[in-house]
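The next block holds one structure in the form of structure tokens; read it before the comments.
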Amino acid sequence: VASPFVRPYVRPRSPEDYPIGPCFTAGHLVETNASWRSERPVLSVERCTGCLRCYLACPDGAVLRAGAAVIGVKGPQVDHPLPQGEGRGEGTALHVESRRGRGHSTLVTSASGSVEASPSPPSPSPGGRGEIRFEDLRLTPNGAAVRIDYDFCKGCGICARDCKAQAILMISEEIKDVR
Amino acid sequence: MSVEATARQPQPLFMSGNEAVAWGARLARPHVIAAYPITPQTVVIERLAEWVAEGKLDTEFLHVESEHSALSACMGASALGARTFTATSSQGLLYMAECLQYASGGRFPIVMMNANRALALPWNIYGDQQDSLAVLSSGWIQIYIEDAQEALDMTIQGFAIAEHAEVLTPVMLNLDGFVLTHTYEPVDVPAQADVDAFLPPFRTPSKMSLEAPTSMGFTAGPAHYTEFKVQQHRAILRAERVASEVDQEFGRRFGRSYGGAVVPYRCEGADVVLVTLGSVAGIVRETVDRLRARGVAAGMLKLRLMRPFPEREIVQALSTARFVGVLEKDVSFGHPRRRVL
């Protein structure tokens, strides 16, 4: 199922129409809100262990569990094509040369050379080097435990910082057409 | 950890007001207690902590670094569906001020004991109601207690009122510092099984759950904020009726009830009525009897609830009185009717 799960805004008519206190079923979204993002998270299915730390840590509920039932009424789905005509469901493949230090990975693209993807500079660290495929997660890639709702992800990077397996990488929104 | 349920004590136990509150809290089986000690409330926390340490009370006791943290921790636990208890006094209550509004706005049914104590400056640890009356509009139900037995019983009733589906509002139980918190009286301790039957487990309407995720403590802009506050106000007004019903049910089960929001004493046909609240009511009651014996038509009106404020009952009880006095240990600075005699 593609995100987001927005539903039409229904104006409450009386105080009785409101929830009791400011706690209510999550996912009661009436509009998308992701225009302030400058970086987006991408995921390596290979590295993801399915621990769901990112799901718990995301302050906006933008990390969704794969196959989880969506609570509430599903509104009309908003079309959001991938940047630069990438195929939906296939993700945007990024070839990443990874140094296995915490949060330090270097993106390598054939078009533009090296792009630093983490806020702190890469540092030499023990561990293997190899090519890891990271994907945009508009649709759940095969084997992934989570996907990300890019219509609500604000790009804070908490998921990437919290991921023990370094399966999530923050990349600039300027990186779109990568092979 | 399983805790052996206590039977009804064969005879009343000799205990202070503080210990009575601790017993009431223990029998209510809270999941979480978060509190910071302060005179004259300290014994409440000491007893509960001892029982947890001794395995007599199966509760997550959080040793927090401040009253602000104590109430914050209670809010978090309450949001998860836990029954929570805390206790404070005076400066500690005011240190919670921000969280008081947060808890009532969040509709978290926390029960808190407050040992009424003077506010600095000048520094003073003794009894005075300035602390709770300074936070009268914080959205909490305020109950004022007269003796140790009522303290135990009302701690149990407090949860039933706070958690009632029509109320969902935190409850503050006020005991006069030292005069009530440190006075020892014989107190009947009911059986755990009877309290369990009276007070079923708390069922929160918005539990934090992976299966049905909720958004907790969200924002409401000007278009919606007032509606939430209207709802909150209506709920605390309903608490007057609910508190009365809870007290009647408690009376049926335990043989003790305390009346509704107000308790008139010899107010019928009374010429002179003293309106008061808290532990001083005992002395006033005796004074009323002495005056009546001397032919003065005196009466007392004890307020048990300050919020919600029982206006209708007060007007009714004072309908025949020509002279009304009000005795409370506080002052609203700058209020024109608070004359300095």
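Since the structure is predicted, the reported quantities are computational estimates derived from the model, not experimental observations. Numbers restart at 1 for each chain; the letters A, B, ... are given by sequence-line order, proteins then strands.
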Applying side chain to side chain donor-acceptor pair (under 3.5 Å), can you list everything that pairs with B:Y144, at least two apart in sequence or on another chain? B:S132, B:Q142
So that I can tick it off, tell me whether B:R234 and A:E16 are bridged by a salt bridge, with the cut-off set at under 4.0 angstrom between side-chain N and carboxylate O. yes
With a sphere of 6.0 Å drawn around CZ of B:R253, does it hold more than 12 non-hydrogen atoms of other residues, nucleotides or ligands? yes
Heavy atoms of B:M216 and A:C23 approach each other most closely as CE-SG, 3.8 Å
Give me the contact list for residues 237-246 of chain B versus chain A, heavy atoms only, anything under 4.5 Å, ordered by residue number. none
Got a donor-acceptor contact below 3.5 angstrom from the B:E227 side chain to the A:Y18 backbone? no
Any side-chain heavy-atom pair of A:P22 and B:Y225 under 4.5 Å: no
Gap between atom CD1 of A:I20 and atom CD of B:Q232 - 0.5 Å precision: 12.0 Å
Is it true that atom CZ of A:R13 has more than 12 heavy atoms of other residues, nucleotides or ligands lying nearer than 6.0 Å? no
Given that the side chain runs from C-beta out, which part of A:L56 has a heavy atom under 4.5 Å from chain B: side chain, backbone, both or neither? side chain
Taking everything shown except B:Y95 itself, do over 12 heavy atoms lie less than 6.0 Å from its OH? no
For B:F228, is it the side chain, the backbone, both, or neither that has a heavy atom closer than 4.5 Å to a heavy atom of chain A? side chain
Can you list every pair that meets salt bridge (charged side-chain N to carboxylate O under 4.0 Å, His left out) and has a residue in residues 94-114 of chain B, with sequence neighbours left out? none
Scan residues 69-83 of chain B for pairs that pass side chain to side chain donor-acceptor pair (under 3.5 Å), counting only residues two or more places apart or in two chains. B:E65-B:S69, B:S66-B:S69, B:R83-B:E163
To the nearest 0.5 Å, tell me how far A:D17 CG sits from B:H224 NE2. 11.0 Å
Please classify the contact between A:P12 and chain B as side chain, backbone, both or neither, with a heavy-atom cut-off of under 4.5 Å. side chain
